[in-house]
2 protein chains.
Amino acid sequence: MLTIGNLAKKTGTKVQTIRYYEQIGLMPEPGRTAGGQRRYGEDELDRLAFVRHARQLGFTLEAIRELLDLSDEPDRSCENAAAIARRQLRQVEQRIARLEALRTELKRMVRECAGGQTADCRVLEVLRDHSECLTDHDEIGA
Amino acid sequence: MLTIGNLAKKTGTKVQTIRYYEQIGLMPEPGRTAGGQRRYGEDELDRLAFVRHARQLGFTLEAIRELLDLSDEPDRSCENAAAIARRQLRQVEQRIARLEALRTELKRMVRECAGGQTADCRVLEVLRDHSECLTDHDEIGA
DNA sequence: GCTTGAACCTCTAGCAGCTGGAGGAGGTAT
DNA sequence: ATACCTCCTCCAGCTGCTAGAGGTTCAAGC
């Protein structure tokens, strides 16, 4: 039986985060000692490891919830799980594409900045005048 | 003189967002009509355009605040502005590198999934067993 | 058995960067 | 005058945690 602190150490999670996952129903309510402290077994360890690994791959908690549900029903088709992974892959690819456009633009700004006074600074100039910007980055935060 | 709605349209910003920028001191308090409605001029339009463009390039609001301050002092050296841009570039490059690692891993998962039952699903299997994962993605959310 | 001291408990608030809604007042066209 | 749209303020919520206050429990050492 693991304390929450030991579970945290084993999975590289913060204690608070584990309690948070419990609060939002991603982790089950564990057993407790007479004094009210949480105690965890192997199942919970596996589940948390699953969650953390999925988080590392960028899945949202909602997606992870779906994946966990699917994982709990071993007889169902795996098509749903694959679809979630493909969706995640598409999102990652979109974000990469967007960041690469930003990188290009930032590189150009930095390269062209001659280092004089702010009045002539290319960095500020490009920011001021959108038309000098070659990239068409429409969305924010994607 | 522009209403907040027209300013929003011209800059591709939501009305609420403009008020939010004002609240956090990123946009100045504009003039008001007798009835208390905000009215904006060219300066504010330029400033908001600057902010939005910088946001599109991924700068944080704090970085934008610095850039705006620098932009207001045209005599100072532009080195600070260039440093902020370089810092942003580095961050973008780090995020790209991380996302590319995720992309590789996700592609592999999706490719290997034969589409049977969830019990044999490669997607779920990889998530369950970290050791099957080739990528070393330590940090979350970077 | 008793005392530390670390680790646990609950609860609340905060981070970025907005976004949405409630409930009401202002502005404009007919 | 009336309709209708936009504007106002204030507050709550989103994601995914993280930090802190203030108090309890547990395990080890004596």
Side-chain angles (χ1 to χ4, degrees), chain A residues 1-27 29-40 44 48 50-68 88 91 95 98 137-142, chain B residues 1-27 29-40 44 48 50-68 88 91 95 98 137-142:
Chain A
M1 283 297 182
L2 291 164
T3 65
I4 196 170
N6 288 336
L7 179 64
K9 237 171 255 168
K10 284 206 178 209
T11 55
T13 314
K14 302 221 169 173
V15 167
Q16 302 282 40
T17 305
I18 299 174
R19 288 200 277 249
Y20 169 70
Y21 287 163
E22 179 184 330
Q23 195 187 305
I24 62 168
L26 206 61
M27 288 293 288
E29 292 188 20
R32 302 260 184 162
T33 63
Q37 298 196 355
R38 292 169 178 82
R39 288 299 122 96
Y40 295 93
E44 282 113 325
L48 183 55
F50 184 106
V51 170
R52 294 310 283 177
H53 193 193
R55 283 295 296 135
Q56 286 169 336
L57 286 167
F59 289 94
T60 64
L61 294 182
E62 255 322 290
I64 294 171
R65 210 187 286 275
E66 291 180 63
L67 288 167
L68 282 167
Q88 174 64 14
Q91 280 169 12
R95 286 167 66 195
R98 181 172 148 66
H137 34 58
D138 311 282
E139 288 171 76
I140 286 183
Chain B
M1 284 299 183
L2 291 164
T3 64
I4 196 170
N6 287 337
L7 180 63
K9 238 173 251 166
K10 284 206 178 208
T11 54
T13 315
K14 302 222 169 170
V15 166
Q16 302 282 40
T17 304
I18 298 174
R19 288 201 277 249
Y20 170 70
Y21 287 162
E22 180 185 329
Q23 196 186 306
I24 62 168
L26 207 60
M27 287 294 288
E29 292 188 20
R32 302 260 184 163
T33 63
Q37 297 196 355
R38 292 170 180 82
R39 288 298 122 96
Y40 296 93
E44 282 113 325
L48 183 54
F50 184 106
V51 171
R52 294 311 282 177
H53 193 191
R55 283 294 295 135
Q56 285 169 337
L57 285 167
F59 289 94
T60 63
L61 294 182
E62 255 322 291
I64 293 170
R65 211 185 285 273
E66 292 180 64
L67 289 167
L68 282 167
Q88 174 63 15
Q91 279 169 13
R95 286 166 67 195
R98 179 171 149 66
H137 33 58
D138 311 284
E139 287 172 77
I140 284 183

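Numbers restart at 1 for each chain; the letters A, B, ... are given by sequence-line order, proteins then strands. The structure presented is a predicted model; accordingly, all values stated were derived computationally and were not measured. For the numbers below, each heavy atom of this structure counts, side chains included, while hydrogens, waters and symmetry mates do not.
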Exercise for review: For A:Gln23 and D:dT18, give me the distance from atom CD to atom P, rounded to whole Å.
Suggested key: 14 Å
Check your understanding: Which pair of non-hydrogen atoms, one from B:Arg19 and one from B:Ile4, has the smallest distance, and what is that distance?
Key -> CG-CD1, 3.5 Å
**Study point:** Atom pair distance, as rounded to whole Å: CD in B:Glu22 and P in D:dT9
**Key:** 8 Å
Exercise for review: Identify the heavy atoms of A:Val51 and A:Ile64 that sit nearest to each other, and give their distance.
Suggested key: O-CD1, 3.8 Å
Check your understanding: Would you say B:Arg32 reaches D:dT9's phosphate, i.e. side-chain N/O to OP1/OP2 under 4.0 Å?
Key -> yes
Check your understanding: Just how far, in rounded Å, is C1' of C:dA7 from CG of A:Leu7?
Key -> 14 Å
Point to revise | Nearest heavy atoms of A:Gly5 and A:Val15, plus distance in Å | key: CA-CG2, 4.0 Å
Check your understanding: What's the shortest heavy-atom distance between A:Glu44 and A:Met27, and which atoms?
Key -> O-CE, 3.5 Å
Practice item. Please report the closest heavy-atom contact between A:Pro30 and A:Glu22, naming both atoms and the distance. Key: CD-OE1, 3.5 Å
Review point. Which letters describe nucleotides 16-30 of chain C, given B = protein heavy atom under 4.0 Å from base, S = only from sugar-phosphate, - = neither?
Key: -BBBBB----SS---
Check your understanding: Quick one: is B:Arg38 getting a side-chain N or O under 4.0 Å of the D:dC7 phosphate, OP1 or OP2?
Key -> no
Revision key, fill the gap. Separation of D:dG16 atom C1' from A:Leu26 atom CG, nearest Å, is 11 Å
Review point. When all nucleic acid strands are considered with a 4.0 Å heavy-atom cut-off, which category describes A:Ile4: base, sugar-phosphate, or nothing?
Key: sugar-phosphate
Exercise for review: Round to the nearest Å and state the distance from A:Lys9 atom NZ to C:dC8 atom C1'.
Suggested key: 13 Å
Review point. Does D:dC7 have OP1 or OP2 sitting under 4.0 Å from an N or O in the side chain of B:Thr3?
Key: yes
Study note, to complete from the structure: All heavy atoms of A:Arg39 vs all of A:Thr33, minimum pair found to be NH1-CG2, 3.3 Å
